[in-house]
Amino acid sequence: MDTNIGRLLVKLRTLATPWAYSWGNLSEFFSSYNFNEGIALTLIVALSMLVLLCEQIAIWQGKFEYELLLSHWMSPLLVGLTVLLAAKTPSEFIYFEF
């Protein structure tokens, strides 16, 4: 959950006006992150690309799309990444809590 109002407004403005996509807006978006947030963003994007690559490799080999992700070595890796990338502070937004 994003609590930085400036960054949130940049995101909303970009979504509302897609013709305004430019290098200036992109650099403004990335400059709103500090070093640690930038590293986390880069890591998440890289992991997402890796998952898509694993799916594509399985398709090229004629296997089930998620077969590589269901292998025996992937579960400990995913659990470790979940612990590593977990939020350090609880979110103020509460949903489905009865």
Side-chain angles (χ1 to χ4, degrees):
M1 182 171 186
D2 204 347
T3 58
N4 185 337
I5 299 299
R7 185 183 316 148
L8 186 59
L9 290 175
V10 169
K11 289 178 182 179
L12 288 174
R13 183 180 54 193
T14 303
L15 287 173
T17 57
W19 57 85
Y21 291 167
S22 68
W23 288 110
N25 286 344
L26 185 64
S27 65
E28 181 183 351
F29 172 73
F30 284 121
S31 68
S32 67
Y33 287 100
N34 64 26
F35 181 74
N36 291 337
E37 291 172 336
I39 294 296
L41 176 66
T42 304
L43 182 64
I44 289 171
V45 169
L47 287 173
S48 300
M49 291 173 62
L50 179 66
V51 167
L52 291 174
L53 180 66
C54 286
E55 289 179 13
Q56 188 60 44
I57 289 172
I59 290 171
W60 287 336
Q61 293 176 350
K63 299 178 181 177
F64 175 65
E65 287 87 356
Y66 299 105
E67 187 169 339
L68 291 174
L69 298 174
L70 295 174
S71 62
H72 67 279
W73 59 270
M74 189 60 78
S75 293
L77 178 67
L78 292 176
V79 169
L81 288 173
T82 301
V83 170
L84 180 67
L85 298 175
K88 303 297 184 227
T89 58
S91 175
E92 295 176 8
F93 180 71
I94 299 172
Y95 54 94
F96 300 118
E97 188 169 322
F98 301 103

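Values in this document were obtained by computation on a predicted structure and should not be read as measured data. Each residue takes its place number in the sequence, starting with 1.
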Within the side chain of Gln61, is there an N or O that forms a donor-acceptor pair under 3.5 Å with the backbone of Ala58? no
Applied to residues 42-63, the salt bridge (charged side-chain N to carboxylate O under 4.0 Å, His left out) test, sequence neighbours excluded, yields none
Group every Ile, Leu, Val, Met, Phe, Trp and Tyr by side-chain heavy-atom contacts under 4.5 Å, then state whether Tyr33 and Leu15 land in the same group. no
Tracing side-chain contacts under 4.5 Å among Ile, Leu, Val, Met, Phe, Trp and Tyr outward from Ile59 reaches none
Give the table of side-chain donor-acceptor pairs shorter than 3.5 Å for residues 39-52, with sequence neighbours excluded, one pair per line with atom names and distance.
residue	atom	partner	partner atom	Å
Thr42	OG1	Gly38	O	2.8
Ser48	OG	Ile44	O	2.9

* To do: Establish whether Leu70 and Leu78 are linked, either directly or via other cluster members, by ILVMFWY side-chain heavy-atom contacts under 4.5 Å.
  => yes
